[in-house]
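The block underneath contains the structure these notes are about, expressed in structure tokens.
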There are 2 protein chains.
Amino acid sequence: MMEGMPKKQDDALADFLCFSVYSLNHAFNRVYRPLLDGLDLTYPQYLVMQLLWAQDGRSVKEIGKELRLESNTLTPLLKRLQATGLIDRRRGKSDERVVRIFLTGSGEALHARAADVQSCLAAAIGLDTGELSRLSQVLDDLRDRLIGEAEKLTTDA
Amino acid sequence: MMEGMPKKQDDALADFLCFSVYSLNHAFNRVYRPLLDGLDLTYPQYLVMQLLWAQDGRSVKEIGKELRLESNTLTPLLKRLQATGLIDRRRGKSDERVVRIFLTGSGEALHARAADVQSCLAAAIGLDTGELSRLSQVLDDLRDRLIGEAEKLTTDA
DNA sequence: TACGATTAAATCGCATGCGATTTTATTGGT
DNA sequence: ACCAATAAAATCGCATGCGATTTAATCGTA
């Protein structure tokens with residue numbers, strides 16, 4: 001309003017942006033859910049399967065680094081995928097602490113059935129390739145900056 | 001790669017964008033958490049309090065419409081806020097089905113202590129006002145479009 | 001070699017989200 | 001006035017996320 005005091009107003013936008021991301025994330029889940037229901041996968045499970053389809057035999061740690069998740073989230077999730085028969089969990093031979101994740105036959109087979117999830121999503125989003133990649137880039141940069149800030153905050157406290 | 005077959009590649013970007021949003025949302029939570037810990041609030045609880053600080057006496061339905069959440073999420077959350085003494089839940093007089101949410105004294109008092117959350121967030125994000133509002137707008141538009149698509153998908157099935 | 005520090009997973013507890021259902025109150029048509 | 005349809009919350013079950021801690025294996029160094 002006044003020239004001298006726009007700071008309060010501006011700061012509110014930070015909250016708005018966070019809510020935009022929060023509610024957009026929920027919206028994505030709502031689109032993914034009906035698509036993934038047919039595959040008996042949740043969205044985080046789908047993310048893990050995507051990684052494994054790209055490359056097998058990753059450790060829990062490596063998966064966590066890619067998805068920004070910790071073992072306290074991944075271990076139960078991976079056990080559920082194992083229970084449904086999509087993956088195997090094997091202790092590393094050289095290092096017994098490491099658990100490596102391998103696709104089973106049905107885990108690999110699911111890849112084909114997951115083929116149209118991406119195209120449905122792309123259609124629902126309705127942005128062209130350029131906009132998509134630009135937007136992803138902006139969000140990823142912001143994410144990495146925030147993770148840095150979060151570390152500062154928690155280290156200080 | 002080939003000129004004739006870029007569709008597969010393009011569709012993958014849809015998955016990437018969704019993951020960008022997913023992981024950015026987690027990153028926001030990591031920044032908010034240490035800030036909100038001092039207020040004994042979670043991020044969704046903070047969102048509800050923001051609404052109430054702006055305007056008291058909303059119904060659960062109205063809060064849900066703003067935050068895109070259902071009663072199955074809000075009811076337990078609101079009961080926790082009531083248990084910590086920040087809000088009151090009262091049945092509407094004209095319509096006994098409706099539960100309206102009111103700030104208590106300590107709920108109102110918390111507003112002052114929450115003042116620097118926004119400014120810390122704004123600093124962590126590190127974008128200027130114009131970029132912030134443009135980005136929010138893009139994400140909100142996408143969210144609303146996706147919710148529309150999700151309804152189509154679930155209605156079809 | 002011994003042993004404390006480090007590391008990878010796992011475990012525990014709590015707070016979301018949400019699909020599905022239930023409970024209670026209100027409304028609308030006859 | 002009656003009663004099915006509708007509407008608002010609440011309840012239940014399950015799958016994340018994550019802080020905090022624990023367990024088990026490996027490493028580093030005296």
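Numbered from 1 within each chain, the chains take letters A, B, ... in sequence-line order. Atom set for the values below is all heavy atoms of this structure, side chains included, hydrogens, waters and symmetry mates excluded. Computed from a predicted model, the values in this text were never measured in an experiment.
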If I take atom NZ in residue A:Lys61 and atom C1' in nucleotide C:dA10, what distance separates them, rounded to the nearest angstrom?
13 Å
Residue whose closest nucleotide on DNA chain D lies nearer the 5' end, A:Thr42 versus A:Glu96
A:Thr42
Looking for any heavy atom pair under 4.0 Å, which part of the strands does B:Ser23 touch: base, sugar-phosphate only, or nothing?
nothing
Of the nucleotides D:dT16, C:dG17, D:dG17, which has the atom closest to the B:Tyr22 side chain?
D:dG17
In whole angstroms, the gap separating P of D:dA9 from CG of B:Leu77 amounts to 15 Å
What contact category does A:Glu70 fall into here, base, sugar-phosphate, or nothing, at under 4.0 angstrom with non-hydrogen atoms?
nothing
Starting at atom CG of B:Asn25, determine the distance to atom C1' of D:dT16, rounded to an integer number of angstrom.
12 Å
Round to a whole Å and report the spacing from CG of A:Asp40 to C1' of D:dC14.
14 Å
From CG of A:Leu36 across to C1' of C:dG17 the rounded distance in Å is 16 Å
Are any of A:Thr75's side-chain N or O atoms less than 4.0 Å away from OP1 or OP2 of C:dA9?
no
Any donor-acceptor pair under 3.5 Å from A:Arg90 side chain to A:Ile101 backbone:
no
Separation of atom CD in B:Gln82 from atom P in D:dA10, rounded to whole Å:
9 Å
Most 5' of B:Ser71 and A:Arg91 on DNA chain C, judged by nearest nucleotide:
A:Arg91
Just to verify, what does B:Tyr32 make a ring-ring contact (aromatic ring centres under 6.0 Å, His included) with, not counting sequence neighbours?
B:Tyr43, B:Tyr46
Go through D:dA7, D:dT11, C:dA10 for me and flag the one nearest to the A:Arg89 side chain.
C:dA10
Among C:dT11, D:dA9, D:dA10, the one nearest any side-chain atom of B:Lys79 is D:dA10
Starting from the C-alpha separation in whole Å, work towards a yes-or-no answer on salt bridge (Lys or Arg N to Asp or Glu O under 4.0 Å) for B:Asp144 and B:Arg68.
CA-CA 11 Å; B:Asp144 293 337; B:Arg68 275 83 179 172; 3.7 Å; yes
Quick one: CZ on B:Arg97 to CZ on B:Arg91, what's the gap to the nearest 0.5 Å?
10.5 Å
By the 4.0 Å heavy-atom rule, please label B:Leu74 as base, sugar-phosphate, or nothing.
nothing
Given A:Leu81, A:Ile87, A:Leu47, the one that forms side-chain contact (heavy atoms from CB on, under 4.5 Å) with A:Leu52
A:Ile87
Within the 4.0 Å heavy-atom criterion, would you say A:Asn72 contacts the bases, only the backbone, or no part of the nucleic acid?
base
Consider the side chain of B:Gln45, meaning its heavy atoms from C-beta on, and name the nucleotide among C:dA15, C:dA25, D:dT26 that approaches it most closely.
C:dA15
Considering every strand and a 4.0 Å limit on heavy-atom distances, what is the contact class for B:Leu69: base, sugar-phosphate, or nothing?
sugar-phosphate
With the side chain of B:Val60 defined as its heavy atoms from C-beta on, choose the nearest nucleotide among C:dA15, C:dT11, D:dA10.
D:dA10
Looking at B:Thr73, I'd like to know whether one of its side-chain N or O atoms comes within less than 4.0 Å of OP1 or OP2 on C:dA15.
no
What is the distance from CG of B:Asp37 to C1' of D:dA20, rounded to the nearest Å?
13 Å
d(CZ, B:Phe19; P, D:dG17) in whole Å:
11 Å
If you only use heavy atoms from C-beta on, which nucleotide in C:dA10, C:dC18, D:dA9 is closest to the side chain of A:Arg33?
C:dC18
C:dT26, D:dT16, C:dC18: which one has an atom nearest the side-chain heavy atoms of A:Pro44?
D:dT16
Measuring from B:Gln137:CD to B:Asp140:CG, what's the distance to the nearest 0.5 Å?
6.0 Å
Any N or O donor-acceptor pair under 3.5 Å from the base of C:dT24 to the side chain of B:Arg97?
no
5'-most contact on DNA chain D (nearest-nucleotide basis), A:Ser94 vs B:Ala27, goes to B:Ala27
